[in-house]
Amino acid sequence: MEFKGTQTIEAPREVVWKCLNDPAILQACVPGCESFTAKSEDEFLAVVVASVGPVKAKFKGNLVLSDRVEAVGYRIAGQGEGGIAGFGKMNAEVRLADVDGGTELTYFSTAEVGGKLAQIGSRLVSSVANKLADEFFKRFNANVSAMAKA
């Protein structure tokens with residue numbers, strides 16, 4: 001599955017960058033996130049409760065940042081285990097650019113699921129994953145824009 005999108009955030013690029021690296025802000029933006037903690041500067045541990053069709057599970061995962069260029073972007077590689085519900089793996093690239101009125105955040109992500117999640121059907125899983133990504137960026141945009149105006 002592939003996901004991509006662009007958001008214009010009403011905040012300077014340095015503020016958006018700082019927020020993209022703040023575990024508390026990320027936790028507040030990830031739907032169903034119970035915890036999001038930094039293991040190191042480039043590695044995070046997360047616990048997320050997600051429902052896809054009839055399957056609801058608590059996923060425990062690991063995210064690693066690489067190719068980090070301050071205030072420009074990075075790559076994210078992650079994987080999560082949801083017990084009998086299955087697993088998920090993702091890779092993403094996030095880029096920032098200055099635009100009139102703030103910062104343009106562009107993302108491109110690929111995801112793979114296995115176990116019961118894969119049995120549900122790729123169209124449903126893809127639809128839910130796309131909805132969750134949209135919700136994350138909507139929340140992120142609202143939080144960061146509000147911070148920049150404060």
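Only a predicted model underlies this, so the values are computations on that prediction, with no experimental measurement involved.
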Quiz: residues 141-150 side-chain donor-acceptor pairs under 3.5 angstrom, not counting sequence neighbours:
| unit_1 | atom_1 | unit_2 | atom_2 | d |
| --- | --- | --- | --- | --- |
| N141 | OD1 | S145 | OG | 3.0 |
| N141 | ND2 | Q7 | OE1 | 2.8 |
| N141 | ND2 | T8 | O | 3.0 |
| S145 | OG | E10 | N | 3.3 |
| S145 | OG | N141 | O | 2.9 |
| K149 | NZ | E10 | OE1 | 3.1 |

If you look only at distance, which donor and acceptor atoms sit under 3.5 Å apart when one is on a side chain in residues 50-64 and the other is two or more places apart or in another chain?
| unit_1 | atom_1 | unit_2 | atom_2 | d |
| --- | --- | --- | --- | --- |
| K58 | NZ | E34 | OE1 | 3.1 |
| N62 | ND2 | E43 | OE2 | 3.3 |

Checklist entry - Listed by chain and number, what are the salt bridge (charged side-chain N to carboxylate O under 4.0 Å, His left out) partners of D67, not counting sequence neighbours? => result R75

Checklist entry - Excluding sequence neighbours, so at least two apart, what forms salt bridge (charged side-chain N to carboxylate O under 4.0 Å, His left out) with D42? => result R68

From [atom1] ([X]) to [atom2] ([Y]), nearest 0.5 Å:
X	Y	atom1	atom2	result
R95	T6	CZ	OG1	13.0 Å
M90	T110	CE	OG1	8.0 Å
R13	E70	CZ	CD	10.5 Å

Checklist outcome for this item: Sequence neighbours excluded, the answer for ring-ring contact (aromatic ring centres under 6.0 Å, His included) partners of F136 is F140

Item to check | Any donor-acceptor N/O pair, S35 side chain to A46 backbone, under 3.5 Å | outcome: no

Checklist entry - Does the T103 side chain pair with the main chain of A11, one donor and one acceptor, at a distance under 3.5 Å? => result yes

Checklist entry - What is the minimum heavy-atom distance between I25 and C19, and which atoms define it? => result CD1-SG, 3.5 Å

Checklist entry - If every non-hydrogen atom of L65 is compared with every non-hydrogen atom of E41, which pair is closest and at what distance? => result CD1-O, 4.4 Å

Checklist entry - Parallel, tilted or perpendicular for F36 and F44, by the 30°/60° rule? => result tilted

Item to check | Ionic contact status for E135 with R139, cut-off 4.0 Å | outcome: yes

Checklist entry - Between E2 and K4, does at least one N-O distance fall below 4.0 Å, as a salt bridge requires? => result no

Next on the checklist: Is there a continuous path of hydrophobic side-chain contacts, each under 4.5 Å between heavy atoms, that joins V47 to V113?
Outcome noted: no

Checklist entry - Is it true that L26 and F137 fall in one hydrophobic cluster, defined by side-chain heavy atoms closer than 4.5 Å? => result yes

Item to check | ring pair (Phe, Tyr, Trp, His ring centres under 6.0 Å): pairs with one or both residues in residues 63-85, sequence neighbours excluded | outcome: W17-Y74

